[in-house]
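Below is one structure, written out as structure tokens; the observations come after it.
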Amino acid sequence: MCPPAIRTGSWLERKADTDARGAGWRGGASSLAAAALSLAILGAILGLAVGPADARANRRHHASHHHHHHHHHHRHGPVVWPLEIPGSQYTPLTWSDVAGWTADDPLAAFKTFRVSCVPILAAKPGRTNGKAIGDSLRGPCRAAKSAHVADSAAARAFFEREFVPLRISRIGEDAGFVTGYFEPIVDGSRTRTDVYTVPVYRRPSNLFVKGFSQTSNGLPNKGQVFRKIGRRKLVPYYDRGEIEDGAIAGRGLEVVWLKSETDLLFIQIQGSARVRLEDGTMVRLNYDAHNGFPYTPVGRVLIERNIIPREEMSMQRIRAYMDENPDAAKELRRQNRSYVFFREVKLSEKDEAVGAQGVQLTAGRSIAVDKALHVYGTPFFIAGQLPIESEASKTPFQRLMIAQDTGSAIVGPARADLYFGAGREAGKIAGRLKNPAQFVMLLPRALDPVPRGKTMPLPQERPKATPAKATADTTVKTESSAERKQRRRHHRRHRR
């Protein structure tokens, strides 16, 4: 069913006979589904899954081939295209359509959002690299800065006033996907001992990423990484196996030492850690760089090798297997050639980990998203049945979350890693999450696609199809006499 806001308006009054078969908007010029419907631009308003990029391509096509139709649909003034998120389908909702919205207490989410607003308001406009939301969060952030919000009702009213809800998923899918992450707490030492033998390395000085200086904090977690040989030659950096075999040992890069390579692997997967030293003090580590190789999930390797069934896969099962099979664990780790380097950060034991946005995360309210599509600070209402209480439980999860982090495995418009905090219990919950969930993105009202859709130009009239017989006759008339005789001889041979 189309939302009420889409069933009314000047678009439908002018084109009331248009068929309304679907319910979602679909962005992304590369979508085959969208391309197949590119002649029905109006269908975007009625849920026929067409993206603005397709509409632009269609308009260019008709403008170049059918100039005599152009004056029928000319509109004055600039065209403001509705929201375009590549590879996604989305449906504008009303707040009453958002299942679980009134059951959640959004006060914690409001406080988390206000934390994200500090870097948003401090940044110069135009740094969102053309993403769909752009700088539009600056308006709600200014409102949050001055708003007096002290309880759940006021927080809910704030979000309803400043945002509109938009159900979002990948094209062709009816739900998104969530996993969980946490901050491990492990034992360690500042010096190597008989117990603590595995180094945690800081970023090496011979590691280079094009476009970044060696003094930059937090290099990208994707893309090529190089090391220099001689003065000019750049080659790929060492992979996990080479580093474990000592390729960068003895250079004074060790921040702390751990008990096992398994501890280090899980710290690298999570991107941060708390290392408890022998005197009880805590060292806080945060992601700083990687070696340029793509991340390969060791869990996927175990599934493909039929060692752990897919339905039983969890971080706990992976750890148990690696602890019980040290030789196999060494080979398994090296299937993931990616390697992460860390920096020590000045956070107290009570402080939460720092996400990619540069702010402290909030357990149960912060998420990691695909930074290629989304802007940090964007609120998402996520709902699903998740194994939070136990492996087999289907705990109702309906919660407003704030995008403050990213990860190399977090790809797609409705894909999130839920942050559960630090320690063993948080790790148990995070380790068993791999579930479908509904995603509702909260869009600043300035970008509401429904009123924007009313400014879109009508499509050009479809050109009349040429009858098949006429086309065939034209072909015959353009043939030479010799060609016509040859074609007739060919047909006679085949009839025999």
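Keep in mind it's a predicted model, so treat the numbers as computed, not measured.
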Between the main-chain N or O of Gly180 and the side-chain N or O of Asp417, is there a donor-acceptor pair closer than 3.5 Å? yes

Taking Gln360 for the side chain and Val354 for the main chain, is one N or O donor matched with an acceptor at less than 3.5 Å? no

Identified side chain to side chain donor-acceptor pair (under 3.5 Å) partner of Asp405 from the options Tyr181, Tyr419, Tyr287: Tyr181

Side chains of residues 362-371: which donor-acceptor pairs under 3.5 Å do they make with residues two or more places apart or in other chains?
residue: Thr362; atom: OG1; partner: Thr112; partner atom: OG1; Å: 3.3
residue: Arg365; atom: NH1; partner: Asp104; partner atom: OD2; Å: 3.1
residue: Arg365; atom: NH1; partner: Leu400; partner atom: O; Å: 2.9
residue: Arg365; atom: NH2; partner: Asp104; partner atom: OD1; Å: 3.0
residue: Arg365; atom: NH2; partner: Asp105; partner atom: O; Å: 3.0
residue: Ser366; atom: OG; partner: Thr362; partner atom: N; Å: 2.7
residue: Ser366; atom: OG; partner: Thr362; partner atom: O; Å: 3.3
residue: Ser366; atom: OG; partner: Gln404; partner atom: OE1; Å: 2.5
residue: Asp370; atom: OD1; partner: Ala372; partner atom: N; Å: 2.9
residue: Asp370; atom: OD2; partner: Gly412; partner atom: N; Å: 2.9

Checking Ile248 against Leu253 for the side-chain contact (heavy atoms from CB on, under 4.5 Å) test, could you report, in this order, the C-alpha distance in whole Å, the side-chain angles of both residues, the deciding distance, and whether it holds? CA-CA 8 Å; Ile248 60 174; Leu253 299 172; 4.1 Å; yes

Closest approach of Arg343 and Asp288, non-hydrogen atoms and distance? CD-OD1, 3.3 Å

How far apart are the closest heavy atoms of Val275 and Asp187, and which atoms are they? CG1-C, 4.2 Å

Ignoring hydrogens, what is the shortest heavy-atom contact between Ala154 and Ala150? Give both atom names and the distance. CB-N, 4.3 Å

Main-chain N/O of Ser338 paired to Arg240 side chain as donor or acceptor, under 3.5 Å: yes

Just by modelled atom types, is the Thr94 backbone N or O under 3.5 Å from a matching donor or acceptor in the Asp97 side chain? yes

Taking the side chain as every heavy atom from C-beta outward, state whether Val345 and Leu285 have any pair of such atoms under 4.5 Å apart. no

Just by distance, do the side chain of Ser390 and the backbone of Ser393 share a donor-acceptor pair under 3.5 Å? yes

Closest non-hydrogen atom pair between Tyr196 and Ser189, with its separation: CD1-CB, 3.5 Å

Side-chain donor/acceptor pairs under 3.5 Å, residues 157-175, sequence neighbours excluded:
residue: Glu160; atom: OE2; partner: Trp101; partner atom: NE1; Å: 2.7
residue: Ser169; atom: OG; partner: Gln89; partner atom: NE2; Å: 3.3
residue: Ser169; atom: OG; partner: Glu173; partner atom: O; Å: 2.7
residue: Arg170; atom: NH2; partner: Val411; partner atom: O; Å: 3.2

Between Arg274 and Glu352, is there a side-chain N and carboxylate O pair less than 4.0 Å apart? yes

Compute the ring centroids of Phe341 and Tyr201, then answer whether they are less than 6.0 Å apart. no

Could you tell me whether the side chain of Gln270 and the main chain of Pro184 form a donor-acceptor pair under 3.5 Å? no

Show, in sequence, the C-alpha distance, side-chain angles and deciding distance for Arg319 and Asp263, and conclude whether the salt bridge (charged side-chain N to carboxylate O under 4.0 Å, His left out) test is met. CA-CA 9 Å; Arg319 179 178 283 277; Asp263 282 344; 3.1 Å; yes

Does a salt bridge link Arg333 with Glu244, judged by any charged N lying under 4.0 Å from a carboxylate O? yes

Taking the six-membered ring for Trp, are the ring centroids of Tyr237 and His290 within less than 6.0 Å of each other? no

May I ask you to check whether Ser136 and Arg445 show a side-chain donor-acceptor distance below 3.5 Å? no

Quick one: side chains of residues 299-306, donor-acceptor pairs under 3.5 Å with protein atoms, not counting sequence neighbours, listed by atom name and distance.
residue: Arg305; atom: NH1; partner: Glu331; partner atom: OE1; Å: 2.8
residue: Arg305; atom: NH2; partner: Glu331; partner atom: OE2; Å: 3.0

Is any NZ, NE, NH1 or NH2 atom of the basic residue among Arg317 and Glu311 found under 4.0 Å from an Asp or Glu carboxylate oxygen of the other? no

Identify the heavy atoms of Gly377 and Leu137 that sit nearest to each other, and give their distance. C-CD1, 3.8 Å

May I ask you to test the Leu386-Arg432 pair for a side-chain heavy-atom distance under 4.5 Å? no

So which atom in Pro199 and which in Trp257 form the shortest heavy-atom distance, rounded to 0.1 Å? N-CE3, 3.6 Å

Side chain of Asn325, backbone of Ala328: donor and acceptor closer than 3.5 Å? no

Under the 3.5 angstrom rule, does the side chain of Asn291 hit a backbone N or O of Tyr238 as a donor-acceptor pair? yes

For side-chain contact (heavy atoms from CB on, under 4.5 Å), just list the numbers for Asp351 and Met282, CA-CA rounded to whole Å, side-chain angles, deciding distance to a tenth of an Å, and then say yes or no. CA-CA 11 Å; Asp351 292 329; Met282 200 76 76; over 6 Å; no

For Glu242 and Asp239, indicate whether the former's side chain and the latter's backbone hold a donor-acceptor pair under 3.5 Å. yes

Hey, are the side chains of Arg142 and Leu121 touching, using non-hydrogen atoms and a 4.5 Å cut-off? yes

In plain terms, say whether Arg284 and Glu183 are close enough for a salt bridge, that is, a side-chain N and a carboxylate O under 4.0 Å apart. yes

